[in-house]
Amino acid sequence: MSQHPKWSSSQAVPSKRYIACPLCDSKVLFITLNDHLDKCPGRKDSNKTTTSSHTQESKPKASLKSLLSGATAHPNNKKRKPTPEEEVIDLDEVPTPVVKKPTLDMEINNLQKTAHLPLSEKMRPKTLREYVGQQHILSQENGTLSKYIKLGTIPSMILWGPPGVGKTSLARLLTKGASADYGDANKYWMVETGATKANTQELRGVFEKSKREFQLTKRRTVLFIDEIHRFNKGQQDLLLPHLENGDVILIGATTENPSFQLNNALISRCQVFVLEKLSVNEMCIVLYRAVALLNRCRKLIWNVPENPLQLSRDVLEYIVDVAVGDTRRALNILEMIEVSTRGRVDTEKELTLNIIKDIIKKNSSSVLNTYYDTKGDNHYDTISAFHKAVRGSDANAALYYLGRMIQGGEDPLYIARRMIRMASEDIGIRDNSLLPLAVAAHDTVMKLGLPEADMALAQCAVALARAPKSVEVYRAWNKVKAMLGENKYSLASSEIPMHIRNAPTRLMEELGYSKGYKYNPDFVDGKVKQEYFPEEVLKKCPNRNELKFLTGKHLGKKVDPDLKNNANI
Ligand SMILES: Nc1ncnc2c1ncn2[C@@H]1O[C@H](COP(=O)(O)OP(=O)(O)OP(=O)(O)O)[C@@H](O)[C@H]1O
Ligand SMILES: [Zn+2]
């Protein structure tokens, strides 16, 4: 996880640009335009076109967007009231600040200032243009997020994606982008924290501060919470009222499926955006840029100008491979390669794939570990695949997934607990010995731990996979629960029949408890005619079969057409 300073506001770069005030035409520093407008001499005789929004409570100052579009984009429209469409800013027509080309001194200075940071920090995208990938939410045509940015607003949201896809970076860019790039400078400011750090007191502090901030500067607070899935219920509840009344805008980052980890009330107040792993190509783009930066450093501050880093596409793809989709990890590997080759004097300039493989092998055994995130989705996906392999009686696949989980550092007790569940859910009464076997495997893990207990897990997994399957009880049980849940035929509320109630006291006996009960063991083969369901249920239930939860069938009746096609294989 990225390291964030405890409470740091993301620094929106103030634009040093001057623009002409749309009311009085005097030159005003872009970022002070709002303040100027409050005092602007042109305000009294201003036409309604540009200052109509002054009167709105929610926008006490002229909307910079409508001002800009009125003043610069539609010079001919000055006399008439702009249509609502015109008030929405057109990105292409916003004058972008003229960025002066940095001088060499400035560049050296900048490189030195950030020299202590890890490469991944140095490479953190500073504008949305530098942000790679996630076109499904960021594309100009139909990306939902880019639409918000164009409107200059940020909804409360959850960013869900694997580590290192750029959740933190995106949150910062959104805050910056929605305020600085396209209109009102400093419309938002961001407070960053992590779920493990933010206790109740600190959160309260943020809410207080955000209120004050809004009163004083009209800036809205974006509260970024990393690893929001670690928030407990109390913390989550604390957020709700403040999201509702707009005190703060929440951007939560999570590597885990929010629907499992966050409560519904919170999710329903947020938009959930899924960030996808960067493609190989996208990762290579990030790496190319990083190589370029490293070479500038070699040339300008590390004094190895004659030795630029040269990596072929093959090498970059290899790095991407090893980093399995985590951009930060890829950049760390690249940094390690850079460090270990900086002083290299060699006739061969280009680092071949074999050299790179060697460097990675020597420098870090950990980067070569299988990619398995015991906290993230991977964990759910793999255990689910494992369960399905067992259910499908594919013992080999079951072993494979088991191995992958254990090698990836999954908690063996978690696996054992899941196998106990499988024993009753999937094998059920078809082989009652598997439930105790699974419990025994769990016990073994408790007693021996890993690695010694791994065989017990493997043995149990194979036994479960090979066992005959039955879901008769599983289905029946679900049906009972569902019918009780609906109180169908008064199943949940009906009176328990008197004859099968217990009568521990004389009074109860006199009241009729247990009256007429036939004690089965007194009868031949224990057989008697006796009703066990409540009377009310029997009256309401039109068909006695409805109460036959158990079908007597272990499995379903469907035939997989693919089976026939594959019969000869
Ligand atoms: N889409 C991207 N475009 C460019 N660089 C990226 C992108 N995603 C990640 N990076 C690089 O990876 C680094 C880590 O990204 P970031 O911290 O935003 O990821 P994250 O999803 O928040 O990860 P984590 O959950 O591990 O904190 C960034 O500093 C940046 O250098
Ligand atoms: Zn003015």
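Both counts, for ligands and for their atoms, begin at 1 and track the order of listing. The residues of the chain are indexed from 1 along the displayed sequence.
Listed by atom number, the atoms of ligand 1 under 4.0 Å from Leu331 heavy atoms are 11 (C), 31 (O). Set against the non-hydrogen atoms of Ser120, the atoms of ligand 1 under 4.0 Å away are 28 (C), 29 (O), 30 (C), 31 (O). Listed by number with element, the atoms of ligand 1 under 4.0 Å from a non-hydrogen atom of Met123 are 31 (O). Under a 4.0 Å criterion applied to the non-hydrogen atoms of Val132, ligand 1 contributes the atoms 1 (N), 2 (C), 3 (N), 4 (C).
Residue-to-ligand polar distances place Thr168 within reach of ligand 1: an N/O pair is separated by less than 3.5 Å. For Gly166, a nitrogen or oxygen atom sits less than 3.5 Å from a nitrogen or oxygen atom of ligand 1, counting backbone and side chain alike. For ligand 1, the polar-atom distance check against Gly164 finds a nitrogen or oxygen pair separated by under 3.5 Å.
Lys299 meets the side chain to side chain contact (heavy atoms under 4.5 Å, CB included) test with Arg296, Pro305; sequence neighbours excluded.
The two residues Ala330 and Met283 come nearest to each other via the heavy atoms CB-CE, 4.0 Å.
Taking the side chain as every heavy atom from C-beta outward, Arg391 and Met422 never approach each other to under 4.5 Å.
Heavy atoms from both the backbone and the side chain of Ser169 come within less than 4.0 Å of ligand 1.
Proximity of Pro125 to ligand 1 is established by a heavy-atom distance of less than 4.0 Å.
Remark: side-chain polar atoms of Gln236 are paired, donor with acceptor, to backbone N or O of Asn263 under 3.5 angstrom. Judged purely by atom type and a 3.5 angstrom limit, Arg404 has no side-chain atom pairing as donor or acceptor with the backbone of Phe386.
The closest heavy-atom contact to atom 7 (C) of ligand 1, among the options Leu119, Val165, Leu173, comes from Val165.
Using a cutoff of 4.0 Å between basic side-chain nitrogens and carboxylate oxygens, Glu317 and Arg313 are scored as salt-bridged.
Within a 6.0 Å sphere centred on NZ of Lys388, heavy atoms belonging to other residues, nucleotides or ligands number 12 at most.
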